[in-house]
Each structure stands twice: as structure tokens, then as C-alpha cells.
Student: 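I have a structure I would like to understand better, so I am pasting it below and will then ask my questions one at a time.
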Amino acid sequence: MLFQARLLAAFLILLLFVGCKKNEDKPENPILFQLIEVKANDQIIRAESSNKEVAINSKFYLKFGSPIDSTTVSNAIKLTENETNTSCSYSFLLENNKTTLVLKPDTLLQWSSDYTLQISDQLKSTSNEVFPGVSLQFKTEQGKLILLSAQLYSQSLLDSQKIKNIPYDSLHIELTFNEAVDVQNITDNIKTIPPHPLQFEFAENNTKIIVSTTTELDYYQQYIFVITASLNSATGFDFEGFNKHFTTGLNPAIKKPVISDEELLDLVQEKTFRYFWDHAHPVSGLARERLNSGETVTIGGSGFGIMAILTGIERGFISRTEGIERLTTITNFLAEADRFHGAWPHWMNGTTGRVIAFSANDDGGDLVETSFMAAGLITARQYLNPANNTELALISNINELLASIEWNWYTRDNQNVLYWHWSPNNGWAINMPIRGYNEALITYIMAASSGTYPIDAEVYHQGWAQSGVIVNGNDYFNINLPLGFAYGGPLFFAHYSFFGMDPRGLSDTYGDYWTQNQNHTLINRQHCIENPNNYLGYGSNCWGLTASDEPDGYGVHEPIRDNGTISPTAALSSMPYTPEYSMEALKHFYYILGDKSWGEYGFYDAFNPEEGWWSDAYLAIDQGPIIIMIENHRSGLIWDLFMSAPEIQAALNQLNFSQLKE
């Protein structure tokens, strides 16, 4: 009995030991670590919902509440394609202090297929926390044709960067797709806008297409390379469509017959003159605002047109009799047209002479535009012969027009500054004092020259010059600029006031005007040479920023407001200041770009190679400077006539100008 009792006690002790050991190895409530979120790329995958349209190139991001033991991942996580029960191999890495597992399948997932992402309880944390396990179901996206790469020479069409300066004489685009392409109707589905003949080669089981041209592309032309959404894979997968802009580079071939420089200048002047002669309004004889502007004529541009007519007479484009008849028509019309304290409006109807509002409040007098007209009239007067009765009558008409301009009224109650606009309907609502430095220096010269309504010298010094505020004196590209804004502003500042006012040796208290205009031009050109914005087409023979049309309308262009638009008037009208450089630009515009830049009335207003844009417009205020300033370069005609007027000399003396000509 004693033996049996001892045996039972030993058995109970052994049973107790085994029970304690079992509890030590496997606690009843093990510590678990939490799965916070699962994403396929940016798409959240949820255990309790349907997960559809998962991208086939997905990476899976598994975010846990504790750091993951990397040694347990491979055995614990399985990605399986359900229909074939095929396991997907993958690689992984740990991020965010090992709390995020990034799982990347080694190959793309199958289209429109069901998958299971199984995370078993074999996954452990670094502190041996146990994961309870989860099974996530998802379905991949519907099959689609994807453009994997598109190379235009060495540049990727899939990048966001601009594609430009592509050779005009060839095109080579290599397209790679994820699936074989249905090559039927390929010419309808891969094309350019504007349309251009393309040829196609197919490789790598039709997953690769090589696109090339059969003929030269147009130069400085923006094309859109288009793959339409009608393109399908050979298995019928849809394509979402694709397009990309690119711009071709220059074709340097000579486009026009080469003539002598003098013949070229003659040609440019005569063609430009025809805008003011052939395209002038048939009733008033005034210059239309722009090509096809109908009844709208412009006062400032017509003042330029008067100077162009004088040039046309001297160059033999028209007879003197024809020119005098046109000038008589113009002055008779101006005498009856709307005026506002003697000032004409910016625009008017060429038949009736009634004002056409330039803007909401601008339906009255425009003093700056009026000064351009007055400068043209006084130049014409100096050209006329008082010994001829017809011309003497025209001189009288001009003097009456000039005498009736109430320049000092536009000081707005005797302030020491002139104001640009006044309207009987809107008064001084625009409220724009004319202050330098800009194109309106001539307004103060003409106002000071008046024998009936002159301004005092202080209006010039305090209003225009702002007691010296117009002085600059800084260097730009190592070129000194005496006056005005940084980099000089648009080049019409160097033109409009100096059609008649001769800047050679001309200076006043504030600066030397030849140096100002020449250096302004050189700065503008140097900006285009250095081309900090890397615009297509810019260079030593293609430069000139001023106000003109542009791809999106009309704009002012200068080094600090540069959108890639070149205006031929800028360089050509600077001919007196930079004759060699302006001639280089003229030859480039005519011989190299002339098939696009040249038309019925000479050079079109502007072009923008960066955008592949070419204007087909003409503007009076851009055409006038070309013929006038080329003539001043060649003969000094307009300068000599204007400066011969005694009241102009008196005005310059009053305002403390001096002129020392060589």
C-alpha cells in the first residue's frame, strides 16, 4: 500500500510539472500587434469591402502598429491569383522604423483578376508580438493599352517639359506599349495637328511603333502629336488617348531672292508705305487701326502715316500732287471730326469723324495720340511750299488745327503735369498723368511749342521729369542707361517721340537722348542674345521686344516682360541707332523667315517661334515706325523737317534742351 501511495504522488507531481511547462510555452492570452492600414498604391484595401480596379502595377503598403520582424515576412505573407491558385513572387522592404512593409510584386499583376493577399499568424513583431492573421481580397483593373514610353529623338514625350527645336527636316518617334497594338487604321489613330504625312514601322510583336515623316515639317511650327482613344490593343483593350506639343526648329534656307541692301531698304519702305496709302480709309484718308479694322481709324497711327506720305513722295512711291491731295483730305476731315478741348480721340469713325471709345472711360480726348498727330502735321507743314497756292492753303489748315489744341487745359486745373485723357461723359475718370519715362516725351514738346495754349517749363520738369525721377544711370549687360525703367522698357519708347525730334546730340538736364535710345536698343538686343528664358529663335540676328500682337492677343514686350514674341518693327525702327545690327535683323526676317513674316504691306506684326505662332496682322502704330526711322537713317528727312519748325526750336530752348550735331 505504501508503494502504491508513493507512485500516485509521483504521478501527480509529474502531471503538475507538465501542466506548468505547457502554460509557460503558450500563454492563454498572447500579446498581438495591429495591422493599421493596407494600400495598393494610393488605394485603400479593406477586409470587409469589395476592392476593385486595383492597378496592375501596384505596390502594397502594409502599415503596422509595431516594428516588423523581417525574418518572418516571407513565410507569413502570400499573394495569390485566385483562378489559377498561382503564388506571386515579390520583394519587400521596411520603412518608417520598420512599421511599414512595402511589398512589390516581381511582375505586373494580371488584368481583371481576383487576388488574395494572405497575412498569417506567423508574422511577428521585433518584440515577438503575434499577428492574428487576415485575408484580403481584391480585383485588378480592367485591361487597358498603356503607353510605356514615347521618345522623340532623345526627349521623352511623357515628361512635362516643353519639347522644342526639333529638326524640321525629319521626325523620329519611338512608342512602346504594354500590349500588342491593333495596327488596323493606324494612320487614323496616330497623327499630327496640323496634319503631316507619317509612316510607321512595327517591332517587338507590335508593342513598339516607330513613327517618322515622309516629307519635311514646317519650321518654327508648333505641332500636336496625337494618339487617339480609338487605338486598341490586339486583344481589344482600350487606350485613354495621348497628345503632346512640340515645336520645330529653324529652316536656315534662304526663302527670298537676294538683292542689294539699298534695294532691300527700298522694298521694305515701299511695302510698308502701302499700308498707309492703299489701306487708308477711303473717306478720311486716315490710317486704319489695323488690317481689316473697317471704320476704325487711329489718330496717333495717322500722324505716323502723314510722315510716311512725305517719305513716299520723296522716294517716288507716289507723286507730290497725289501726296498733297491726300494730306488735304486728311486735314479737312480732322477739322470736322470730334475734338475735346482741341484734342482728338484715340479712335474715331473714318467716315463720320465721331469718337469710337478705346475703352470703357476713354471716349474723349487723348492727348498723347493727339501729340503724335500734331508732330506729323507740323512736319508736313515744314515740307510744304508756301509759293504754291494749293500747298499754302494746306499750310493754313495745319496751322489752324495746331492752334486749336488746348494743351494747357489738360493740366487739369493748372497742375504741373499733363493728363492723358479727358471725356465729356466721364471727365478725368481715367486719371492718368503723363509722367516719364515712356513714349510721351513728344507730348510735352508739342505742348511747349504751342503759340496759343502752351505749358510752362515747370510742367515738363515736375510733371514729365518728376524733378529728376526719370534718371536711371544703371548698367544692364554692361551698357549704361541714362533714363527710364530698368532695361529701358519696350523699344517703342525709343521711337515714337523721335520720329521728328532728332536725338543726335540732343540732351537736357536729365540725359543725352542719342545715348539713351542707342543704349536702350543695345540692351534690348543683348537680352535677346543672352536669352535668359531660353526662347526659341532668339539671337544676334533675331531680336526686338516692343508692344505688338502676341499669341494670346496684344501685349507689351520688354526684357522684364518677355514671352518669346519678336516684333520686326522693334529692330527695324532702331535702324538709326544700330544700323549694322538692325540690318542683320532685317536680312534674317526677310531672307530666312520671309515666307512667313512678309506679306502685302511688308513685315507682319510679330511672331513667336516658341509657340509656333505667326501674326498675319498689320498695325498702324507698328508699320509707321519702320518706314519713318529707316528714312531717318537713310536721309534724316523727317528729323530735318520737324526740327526746322521755329516753334519746336523755341520749345526745346524753353525746356532747356541743347543739340550739338557733328
Side-chain angles (χ1 to χ4, degrees), residues 272-309 326-327 329-340 342-377 401 405 420-426 429-430 432 439-440 443 492 496 499 546-550 552-556 567 569 599-606 615-628:
T272 308
F273 166 78
R274 291 294 163 189
Y275 178 86
F276 296 98
W277 191 257
D278 298 342
H279 192 60
H281 193 281
V283 176
S284 64
L286 295 173
R288 288 187 166 102
E289 163 67 13
R290 58 170 58 233
L291 188 67
N292 301 321
S293 62
E295 290 292 333
T296 303
V297 296
T298 177
I299 286 298
S302 294
F304 304 167
I306 289 173
M307 294 176 174
I309 290 171
R326 178 64 63 85
L327 292 173
T329 297
I330 289 172
T331 56
N332 288 341
F333 185 84
L334 290 174
E336 300 300 323
D338 281 350
R339 302 181 77 181
F340 306 89
W344 291 282
H346 191 137
W347 286 345
M348 65 172 64
N349 183 292
T351 297
T352 66
R354 303 289 76 83
V355 61
I356 294 175
F358 184 75
S359 61
N361 292 316
D362 191 359
D363 59 354
D366 185 313
L367 200 65
V368 174
E369 294 288 310
T370 294
S371 68
F372 298 152
M373 173 56 73
L377 289 170
L401 291 172
I405 302 172
W420 204 302
H421 313 90
W422 179 82
S423 158
N425 297 320
N426 302 294
I430 296 179
M432 184 182 291
E439 75 274 27
T443 307
F492 71 86
Y496 288 7
F499 296 152
T546 191
S548 70
D549 282 352
E550 62 182 19
D552 295 323
Y554 184 87
V556 177
S567 312
T569 185
E600 182 179 7
Y601 299 121
F603 289 108
Y604 292 119
D605 198 52
S615 170
D616 59 359
Y618 295 100
L619 278 68
I621 58 173
D622 290 339
Q623 294 302 101
I626 295 173
I627 181 173
I628 296 166

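All residue numbers in this chain count up from 1 along the given sequence.
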Student: Would you call M373 and L286 a side-chain contact if the rule is heavy atoms closer than 4.5 Å?
Tutor: yes
Student: Atom CZ of F358 and atom CG of N361: how far apart are they, to the nearest 0.5 Å?
Tutor: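 One gets 13.0 Å once the value is rounded to the nearest 0.5 Å.
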Student: So do the side chains of E600 and R274 get within less than 4.5 Å of each other, counting heavy atoms only?
Tutor: no
Student: Donor-acceptor pair, distance only, cut-off 3.5 Å: does the side chain of N349 make one with the backbone of T352?
Tutor: yes
Student: Counting N and O atoms only, with roles assigned by atom type, does the side chain of Y618 sit under 3.5 Å from a partner on the main chain of Y601, one being a donor and the other an acceptor?
Tutor: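 Yes; at least one donor-acceptor contact below 3.5 Å.
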Student: For F492, is there any backbone N or O sitting under 3.5 Å from a side-chain donor or acceptor partner on T546?
Tutor: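 Side chain of T546 to backbone of F492, a donor-acceptor pair under 3.5 Å: yes, one is there.
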Student: Does the pair I299 and D366 meet the rule for a side-chain contact (heavy atoms from CB on, under 4.5 Å), with working shown?
Tutor: CA-CA 9 Å; I299 286 298; D366 185 313; over 6 Å; no
Student: Start with the C-alpha gap between E369 and W347, add the side-chain angles, then the distance that decides, and say whether side-chain contact (heavy atoms from CB on, under 4.5 Å) holds.
Tutor: CA-CA 9 Å; E369 294 288 310; W347 286 345; over 6 Å; no
Student: Starting at CZ of R339, measure out to OG1 of T370 and round the result to the nearest 0.5 Å.
Tutor: 7.5 Å
Student: Do Y496 and F304 have ring centroids that are under 6.0 Å from one another?
Tutor: yes
Student: Given side chains that start at C-beta, do those of H281 and E295 come closer than 4.5 Å, heavy atoms only?
Tutor: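 With C-beta onward as the side chain, the pair touches.
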Student: Nearest 0.5 Å please: distance from the CG atom of L377 over to the CD1 atom of I306.
Tutor: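 L377 atom CG to I306 atom CD1 measures 4.5 Å (nearest 0.5 Å).
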Student: Could you go step by step and tell me if W420 and I430 meet the side-chain contact (heavy atoms from CB on, under 4.5 Å) rule?
Tutor: CA-CA 8 Å; W420 204 302; I430 296 179; over 6 Å; no
Student: How close do A374 and I405 get, counting heavy atoms only, and between which atoms?
Tutor: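 Smallest interatomic distance, heavy atoms only, reads CB-CD1, 4.1 Å.
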Student: Search all heavy atoms of Y554 against all heavy atoms of A547 and return the closest pair with its distance.
Tutor: OH-CB, 3.4 Å
Student: Within a strict 4.5 Å, meaning less than it, do heavy atoms of the P345 and F340 side chains meet?
Tutor: yes
Student: Take L367 and H421, measure what side-chain contact (heavy atoms from CB on, under 4.5 Å) needs, and give me the verdict at the end.
Tutor: CA-CA 6 Å; L367 200 65; H421 313 90; over 6 Å; no
Student: Would you indicate whether the side-chain heavy atoms of L619 and T569 approach each other to under 4.5 Å?
Tutor: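 Side chain of T569 against side chain of L619, heavy atoms only: no contact under 4.5 Å found.
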Student: Taking only residues two or more places apart in sequence or in another chain, which ones pass salt bridge (Lys or Arg N to Asp or Glu O under 4.0 Å) with D362?
Tutor: none
Student: Looking only at heavy atoms, which two atoms of A617 and S615 are closest? And how far apart?
Tutor: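 That would be N-OG, 2.9 Å.
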Student: Please report the closest heavy-atom contact between A357 and D363, naming both atoms and the distance.
Tutor: CB-CB, 4.0 Å
Student: Taking atom types as modelled and ignoring hydrogens, do the side chains of T296 and E289 form a donor-acceptor contact shorter than 3.5 angstrom?
Tutor: no
Student: Taking atom OG of S284 and atom CZ of R326, what is their separation to the nearest 0.5 Å?
Tutor: 9.0 Å
Student: Keeping the roles fixed (side chain from W344, backbone from A337), state whether a donor-acceptor pair exists under 3.5 Å.
Tutor: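 Checked: no pair found.
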Student: Just how far is it from atom CD of Q623 to atom CG of L291, taken to the nearest 0.5 Å?
Tutor: 9.5 Å
Student: Any donor-acceptor pair under 3.5 Å linking the side chain of Y275 with the backbone of R288?
Tutor: yes
Student: What salt bridge (charged side-chain N to carboxylate O under 4.0 Å, His left out) pairs are there with at least one residue in residues 346-360, not counting sequence neighbours?
Tutor: D338-R354
Student: State, with a plain yes or no, whether a side-chain heavy atom of R290 is found less than 4.5 Å away from one of D549.
Tutor: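 SC-SC contact between R290 and D549 confirmed.
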Student: Nearest heavy-atom pair of G364 and P424: which atoms, and what distance?
Tutor: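 Shortest heavy-atom separation between G364 and P424 comes out as CA-CD, 4.4 Å.
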Student: What are the two closest heavy atoms between P625 and A620, and how far apart are they?
Tutor: CD-O, 4.2 Å
Student: To the nearest 0.5 Å, how far apart are CD in E439 and CZ in F372?
Tutor: 5.0 Å
